[in-house]
Number of protein chains: 2
Amino acid sequence: MHLFWEHGYEATSLAMLREAMGLTPPQIYNAFTDKETLFRKALMRYHQTEIGFALEALSAPVPTREAIRRLLLGAAEAYSRPGKPGGCLFVSGALATSPQAQAVADELKTYRKASEAAIADRLANGKAVGDLPENLSVEGFAKYLAGVMNGMSIQARDGASVEELRVLAQTALAALPAEGQNQTASSKE
Amino acid sequence: MHLFWEHGYEATSLAMLREAMGLTPPQIYNAFTDKETLFRKALMRYHQTEIGFALEALSAPVPTREAIRRLLLGAAEAYSRPGKPGGCLFVSGALATSPQAQAVADELKTYRKASEAAIADRLANGKAVGDLPENLSVEGFAKYLAGVMNGMSIQARDGASVEELRVLAQTALAALPAEGQNQTASSKE
DNA sequence: TAGGTTTCGTATCGATCACTATGGATAAAT
DNA sequence: ATTTATCCATAGTGATCGATACGAAACCTA
């Protein structure tokens, strides 16, 4: 998982995986069928072990603004954990691929879309409860937040520290409309 | 350039380049030395032909907020041009690579850092002119804006339309402190 | 027109890719 | 103890990678 996270799907060779796992090629293929299946298992493991902060943040019984704050600050921490590759596996795992690996790229895109949809669901809930203005575009704001998190993933990969990512997250939070207030996400211009 | 933009450095094979350029392998190597040099030439061409909006926006004689607005909206348009690969070559060209292509990955990171530095310079100028609050962190805000643009690049790659990217850009602009106002980029929490 | 030079495409180089067949070592059974 | 069966690492499969050696064709000069 760490190798795929660091080098992406295609650039991670079986020789690297073999050495890291201490297994012979037949053992790997006996256990994981093929490289693509192994990658998908790594994705599932990543989803379960590394980004629990997202589900926690979005499902916590707190006001919407606080949920989003936890989401972004959780990302800041998860994307810069010491001893782990920087950024998010769903972003760096297969952003640009050869035509042969299109299926893997699509799989990751699906994960990213699911994250955005989860954010949108939480925003819609917050709107229903009155945490967010009536005229706020749930989809547009979810796309902004997902985009910010993806951007944090790139910044983390470029060496941003956890403190720098936290500042970025706090800055992004300033775009959130204050509760009860009625304003569009953007000023008209 | 389009092939590297779409598939990234490593996943773009010489066979694809050969077919796209209509050249024989010796012609390619005679003209560009090797694949890495060809990629660097593509980077320079991309810088000159595709992202002029950034330099224009940052050097235009307009208030800082307007400059940033032009920067983000220019990115929205540049990252979703019809007939062009989505996103930014500097992001998708080599985000995760094999150890052999580390030099290329570092080169792209340098481009991204330069973009962030250019934004920081413009912000520092705006602060000096009084467009921005005294206590605003130039580096922190530049990292936010660069991160948002990187995030827009991912969203564009996932199929976001130019309108959706514009909404994202407008949303991101809401994090900009209003002129003359004195506030930190983030509320304290 | 003949000779010498230069250009240029084909065919191939060694290396590495994901992946697997096979031979030897070990364990189980008679 | 001897045979049978099962496992498993080594060695190698065809394919493709980036890069190039070599022979043929074209061109300029004499």
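Computed from heavy atoms alone, side chains included, the values below leave out hydrogens, waters and symmetry copies. Every value quoted in this text rests on a predicted model; they were computed, and no experiment measured them. Proteins come first, then strands; the chains are lettered A, B, ... in the order of their sequence lines, and each starts at number 1.
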Quiz: residues 81-90 of chain B side-chain donor-acceptor pairs under 3.5 angstrom, not counting sequence neighbours:
{"residue": "Arg81(B)", "atom": "NH1", "partner": "Glu50(B)", "partner atom": "O", "Å": "3.4"}
{"residue": "Arg81(B)", "atom": "NH1", "partner": "Glu50(B)", "partner atom": "OE1", "Å": "3.1"}
{"residue": "Lys84(B)", "atom": "NZ", "partner": "His2(B)", "partner atom": "NE2", "Å": "3.2"}
{"residue": "Lys84(B)", "atom": "NZ", "partner": "Glu50(B)", "partner atom": "OE2", "Å": "2.9"}

Donor-acceptor pairs are to be reported for all side-chain atoms of residues 93-104 of chain A against protein atoms at under 3.5 Å, with residues two or more places apart or in another chain.
{"residue": "Ser98(A)", "atom": "OG", "partner": "Glu10(A)", "partner atom": "OE2", "Å": "2.4"}
{"residue": "Ser98(A)", "atom": "OG", "partner": "Gln100(A)", "partner atom": "OE1", "Å": "3.0"}
{"residue": "Gln102(A)", "atom": "NE2", "partner": "Asp106(A)", "partner atom": "OD1", "Å": "3.1"}

Contacts of Arg122(A) meeting salt bridge (charged side-chain N to carboxylate O under 4.0 Å, His left out) (sequence neighbours excluded), chain-then-number -> none
Using a 4.0 Å cut-off on protein heavy atoms (strictly under), produce a 5'-to-3' string for nucleotides 14-20 of chain C with B for base contact, S for backbone-only sugar-phosphate contact, and - for none.
-> ---SSBB
Boundaries of the DNA chain D segment in contact with chain A, non-hydrogen, under 4.0 Å = dA9(D) to dT10(D)
All N/O donor-acceptor pairs, side-chain side in residues 138-146 of chain B, below 3.5 Å, sequence neighbours left out:
{"residue": "Lys143(B)", "atom": "NZ", "partner": "Glu116(B)", "partner atom": "OE2", "Å": "3.0"}
{"residue": "Tyr144(B)", "atom": "OH", "partner": "Tyr144(A)", "partner atom": "OH", "Å": "2.7"}
{"residue": "Tyr144(B)", "atom": "OH", "partner": "Ala172(B)", "partner atom": "O", "Å": "3.1"}

Side-chain donor-acceptor pair under 3.5 Å between Ser153(B) and Asn150(B), yes or no?
-> no
Quick one: which residue pairs count as a ring-ring contact (aromatic ring centres under 6.0 Å, His included) with a foot in residues 7-36 of chain A, not counting sequence neighbours?
-> Tyr9(A)-Phe39(A)
With sequence neighbours left out, the residues meeting salt bridge (charged side-chain N to carboxylate O under 4.0 Å, His left out) with Arg70(B) are Glu66(B)
Measure the angle between the two terminal helix axes of the helix from dT1(C)-dA30(D) to dT30(C)-dA1(D), five base pairs each, and quote it to 10°.
-> 30°
Hey, what else clusters with Val129(A) if you join Ile, Leu, Val, Met, Phe, Trp, Tyr whenever side-chain heavy atoms sit under 4.5 Å?
-> none
Could you give all pairs that pass the ring-ring contact (aromatic ring centres under 6.0 Å, His included) test and reach residues 146-174 of chain A, with sequence neighbours left out?
-> none
Nearest-Å distance for atom pair CG/C1', residues Asn30(B) and dT7(C) = 10 Å
Which residues pass the side chain to side chain donor-acceptor pair (under 3.5 Å) test with Glu36(B), sequence neighbours left out?
-> Arg40(B)
